[in-house]
Amino acid sequence: MEEEILTEETRREADAAPALISIHPLQKSIALALGSEVRIFDLEKENAVTLTDEACSPSHSDAIRAICFGANGSLFASAGDDKLVKVWRTDTWHCIKTVHSDKRVSAVAISLDGLFVTFADKFGIVWIERLEEDGQGQISVGTKAVPLLGHYCSIITSLKFSPDGRFIATADRDFKIRITVFPKCLPKGAHEIQSFCLGHTDFVSCLAFIHLPDFRQSLLLSGSGDATVRLWDHVSGCLLDTCDIGKQAGLLKSNEIIKDFPAVTDINAFPDGSLVAVVIQGFHGVVILKCDVSSRSIFVAKIVSMEENFTPTSLVLSSSANMLWMVMGATNVSKSGSSELARLLVISNVDKYVSNEQGDCPVILEDKNIPGGEKLLLKLQGSVHLAKQDAAFTAAAAAVKVAMQNLLAKKQYSVEKRDLRKRNRNDRKFKK
Amino acid sequence: MSKNDNKITEGKRQSACLPRKRFYRARAHSNPLSDSHFPIPFSPADTDYSQHYPNFVHSNLKIQFADIGCGFGGLLIKLSPLFPNTLMLGMELRDKVSEYVKERILALRSSNLGQYENISVVRTNSMKYLPNYFGKAQLSKMFFLFPDPHFKEKNHRRRVISIPLLDEYAYVLDVGGIIYTITDVEELGDWMKHCLETHPLFATITDEELSVDPVFELLACATEEGQKVARNGGQTFHAVYRRIAFVE
C-alpha cells in the first residue's frame with residue numbers, strides 16, 4: 001500500500017518539465033519554453049514577441065519538451081507532451097504548421113534545408129513531415145507525418161542533423177546513438193544505418209555536432225547519465241575521447257562508489273568545436289570544455305561555479321555574440337498547485353575561457369546589462385526580480401531530477417522486489 | 001579398456017550429461033519491452049568471446065551466423081557440423097531456455113570432442129541490443145524461426161520482424177547476407193513477407209536458389225518448434241531474403 005502511494009507521488013513529479021532555451025543562429029531572437037508556454041524575445045528590435053497561431057489557442061496545452069531553430073534561423077519548432085509539433089516562421093512568428101503525433105514528443109529538429117521537420121515520439125519512432133514553401137498565408141492544420149526510422153521501443157532523447165546534412169543522429173535511453181543516412185527519397189524512410197556510437201554506460205541525454213573547418217570533417221559530442229561527455233567520429237562510430245566530467249567537476253570522488261551519477265543534461269558547442277558548454281544535473285554552474293582538433297580529444301577548460309544556487313536546466317551558446325545563455329527553472333505540478341519558474345543568466349566573452357588572448361574576461365552579466373535588459377527578463381522570466389525564490393528553485397531542480405531519472409534511468413530491482421512486481425502485474429490485477 | 005567400451009561409456013555419459021528439458025520449464029513468452037536486468041555488453045568490442053568459443057581463441061574469427069530467439073537450440077546444433085569453421089551465436093530472452101541451451105552445448109562438446117565448438121548462446125533481448133553484439137556488416141546469416149506471433153494489433157510492435165528492426169538487421173548483415181524466417185502462423189508469415197518485401201535493403205531469393213541452399217531445408221525441421229508443427233501436420237510459411245546494397 002505504502003509503495004503504491006509512493007509511485008503515485010513520483011508520477012506527479014514526473015510531470016516536472018525543465019525550462020528550455022534556444023537562440024537564433026544569428027542572435028536575432030531568443031526563445032524560452034516553460035511549461036506549455038513559448039516565450040520569444042526579439043533581440044534586434046528589443047521587444048517581446050507575441051506568437052500568432054490561428055489553429056488553436058493556446059498553442060500548446062501541455063509541457064513543451066523540445067524547441068529548436070532551423071539552421072538558417074527562418075524557422076522555429078516546438079513540441080511536447082500535448083502531442084503537437086508546431087513550426088513557426090521567425091519573421092512574423094506565425095505558426096505555419098501543426099503536426100499531430102500519436103504519442104508524446106521528446107525531440108524535434110528541422111532539416112538543414114528547412115524543408116522538413118522531424119520529431120521523435122515516446123515509442124522511439126522518428127517522424128518526418130514536409131514543410132510547404134508557399135507558406136505565405138497558407139496554414140496547414142492537422143497533417144500527419146510519416147515514420148522515418150525507429151529505435152526499438154526506447155525513448156529518444158535527442159535528434160540532430162549533421163552539419164553536412166548527410167546524416168541524422170538519434171540518441172536514446174538504451175545507451176545508444178544511431179547515425180542514419182538521411183535519405184533523398186523520403187517516403188521510403190531512412191533505412192541505411194551508417195553507424196552506432198556505443199560506449200556510454202547510461203542513458204544518452206544530449207547531442208551536439210561540431211564541424212572542423214581545417215579537417216573538413218564533422219564530429220559528434222554526446223552527454224549522458226554516466227556523467228561523461230564523449231567525442232565520436234560518427235561516420236565510423238568510433239569513440240575518440242571520453243571526458244569524465246563528473247569526476248573532474250569534483251562531483252564524483254574516484255574512491256567512492258556513487259549509485260546515481262550526476263547526469264550530463266545539456267550540451268551546446270560553438271560550430272567549430274572550440275568551446276563546448278555542458279550542464280550537469282545539480283551542479284551550481286556550467287562546465288566549459290575544449291575540443292582539441294589535432295589530437296581528437298576533449299578536456300575541461302574551466303569549471304564555472306555560480307552563486308545564488310544557479311543550477312541551469314538548459315543552455316545555449318551564441319557564437320556571433322560570443323555569449324552563453326543559461327536558464328534555470330521548471331514547471332512543477334505539486335500538491336500546492338502548479339508553479340512556473342525561470343531564471344536567466346548570461347555570460348559574455350565566453351571564448352576567453354578557452355583562449356589565452358588578451359581581452360575582456362568572461363563576466364556573468366548583471367540583469368541590466370543583458371541584451372534587451374529588463375524588458376527581456378520581463379518577457380522570458382515573467383518578472384524582473386526573482387529574489388527570495390531560492391527554495392522554490394531548489395524544489396524545482398529536485399523535481400526535474402526525479403522526473404528525468406524516472407523517465408530515462410534503468411530501474412534496478414532486487415530479486416525479491418522483481419518477483420513482487422511480477423506478481424502484481426497489471427494484467428493479473430483484474431483476475432483477483 | 002577396449003575401444004568399444006570407451007564408446008559405450010561415452011554414450012552413457014552423453015545421455016547422463018545432456019540437460020533434460022523438464023528441469024528447464026519456462027514461460028512461453030517474455031516481454032521484450034521491459035528493461036533488462038541482465039548484463040549487456042556496452043559495445044561489440046566489450047564482449048569476451050573466448051569463453052564462448054574456447055577452441056577458436058586464436059583464430060580471429062568473428063561470429064557470422066545469429067539465431068535470434070534460438071529457443072532450445074535445435075537449429076544451432078544442426079548447423080554446427082555443416083559449417084564447422086563458422087562461429088554462430090544463439091540469442092534467447094528467456095533465462096531458463098538460454099540456460100538449457102548452454103548446458104546442452106557443453107554436454108555435446110564434452111561427449112563429442114572437437115565438435116560443437118563453434119556454437120554458443122547468450123541471454124539477451126536482441127530487439128534492443130543487437131548492435132551491442134555485432135558490428136556493421138558482420139553477419140552472413142540471420143535466423144528467425146517460429147517467432148512469437150503477437151496476434152493483437154496493439155502488440156504488433158513487439159514482433160521481431162518489423163520495418164524499423166529490419167533497418168538494424170540490415171546494418172549487422174553484410175551485403176549478400178541472408179535472413180531466414182519461418183512460422184506456422186499464416187498471418188505472421190504474411191506480415192514478415194510484407195515487411196521484407198517492402199524494405200528497400202532486402203531482395204527476394206528465387207526458389208531455385210533456395211532449393212540448393214543446404215540451410216533452407218533445416219528451417220522447418222531442425223528446431224523443436226518446427227518438429228512440433230510437423231508432428232501436428234501444420235503448415236509452415238517461410239520468407240527468405242537477401243541483404244542488398246544501399247542505393248540512393
Side-chain angles (χ1 to χ4, degrees), chain A residues 103 123-126 147-155 166 170 172-203 224 226 235-239 408-415 417-418 421-422 425-427, chain B residues 27 29-47 95 125-138 152 154-173 175 195-196 198-202 243-248:
Chain A
K103 309 286 168 203
F123 271 25
I125 308 287
V126 176
L148 184 70
L149 61 99
H151 286 224
Y152 187 71
C153 298
S154 187
I155 295 170
R166 280 171 66 206
T170 40
D172 71 21
R173 70 181 280 263
D174 285 306
F175 320 170
K176 280 204 280 282
I177 303 166
R178 169 173 157 170
I179 311 294
T180 314
V181 176
F182 190 65
K184 292 189 177 94
C185 177
L186 277 160
K188 283 186 183 167
H191 300 291
E192 176 74 5
I193 301 172
Q194 178 64 31
S195 69
F196 280 99
C197 300
L198 298 170
H200 276 299
T201 57
D202 209 326
F203 61 86
S224 151
D226 64 7
V235 177
S236 65
C238 191
L239 175 64
L408 299 177
K410 299 259 168 181
K411 287 160 193 78
Q412 302 286 344
Y413 299 108
S414 62
V415 176
K417 217 166 167 200
R418 205 157 58 225
R421 286 174 63 84
K422 268 187 191 165
R425 269 173 19 194
N426 272 345
D427 53 335
Chain B
R27 289 168 184 271
H29 309 277
S30 187
N31 181 4
L33 306 180
S34 71
D35 273 355
S36 319
H37 53 268
F38 40 84
I40 301 292
F42 294 119
S43 71
D46 190 46
T47 327
D95 189 21
N125 182 349
S126 67
M127 292 157 86
K128 277 194 172 201
Y129 303 110
L130 198 65
N132 296 49
Y133 289 88
F134 307 118
K136 191 175 187 174
Q138 183 183 330
K152 285 186 195 165
K154 95 168 199 211
N155 284 340
H156 282 180
R157 67 193 180 111
R158 300 185 185 201
R159 286 179 171 170
V160 73
I161 298 286
S162 66
I163 297 280
L165 280 172
L166 282 175
D167 295 355
E168 287 190 21
Y169 304 153
Y171 166 81
V172 293
L173 273 175
V175 170
C195 288
L196 283 157
T198 45
H199 200 284
L201 297 178
F202 289 97
R243 161 75 150 109
I244 52 171
F246 170 66
V247 275
E248 280 234 77

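Below, all heavy atoms of this structure are taken into account, side chains as well, without hydrogens, waters or symmetry copies. Reminder, nothing fancy here: chain letters follow the sequence lines and each chain counts from 1.
Counting all heavy atoms, side chain and backbone alike, B/L201 lies closest to A/H191 at CD1-O, 3.6 Å. Across every non-hydrogen atom of B/F42 and A/H200, the tightest pair is CD2-O, 3.7 Å. The shortest heavy-atom contact between B/M127 and A/Y152 is CE-OH, 2.8 Å. Nearest heavy atom pair, residue A/K176 against residue B/P131, reads CD-CG, 4.1 Å. Considering every non-hydrogen atom in both A/C153 and B/L33, the closest pair reads SG-CD2, 3.3 Å. Here the shortest heavy-atom pairing between A/K410 and B/Y129 reads NZ-OH, 3.1 Å.
In this structure, A/L198 and B/P41 have side chains that are not in contact, with every pair of non-hydrogen atoms separated by 4.5 Å or more.
Of the inter-residue distances, the one linking B/Y171 atom OH with A/T180 atom OG1 reads 10.5 Å to the nearest 0.5 angstrom.
Per-residue counts of heavy-atom pairs under 4.5 Å with chain A were compared for B/R158, B/K136, B/R157; the largest is that of B/R157. Between chain B and the residues A/S195, A/C197, A/G124, A/G199, the most heavy-atom pairs under 4.5 angstrom are made by A/S195.
With a 4.5 angstrom heavy-atom cutoff, A/F196 touches chain B via backbone and side-chain atoms both. In this structure, chain B has no heavy atom under 4.5 Å from any part of A/S154. For a residue to count as touching a neighbouring chain, one of its non-hydrogen atoms must lie under 4.5 Å from one of that chain's; by this rule B/N132 touches chain A with backbone and side chain alike.
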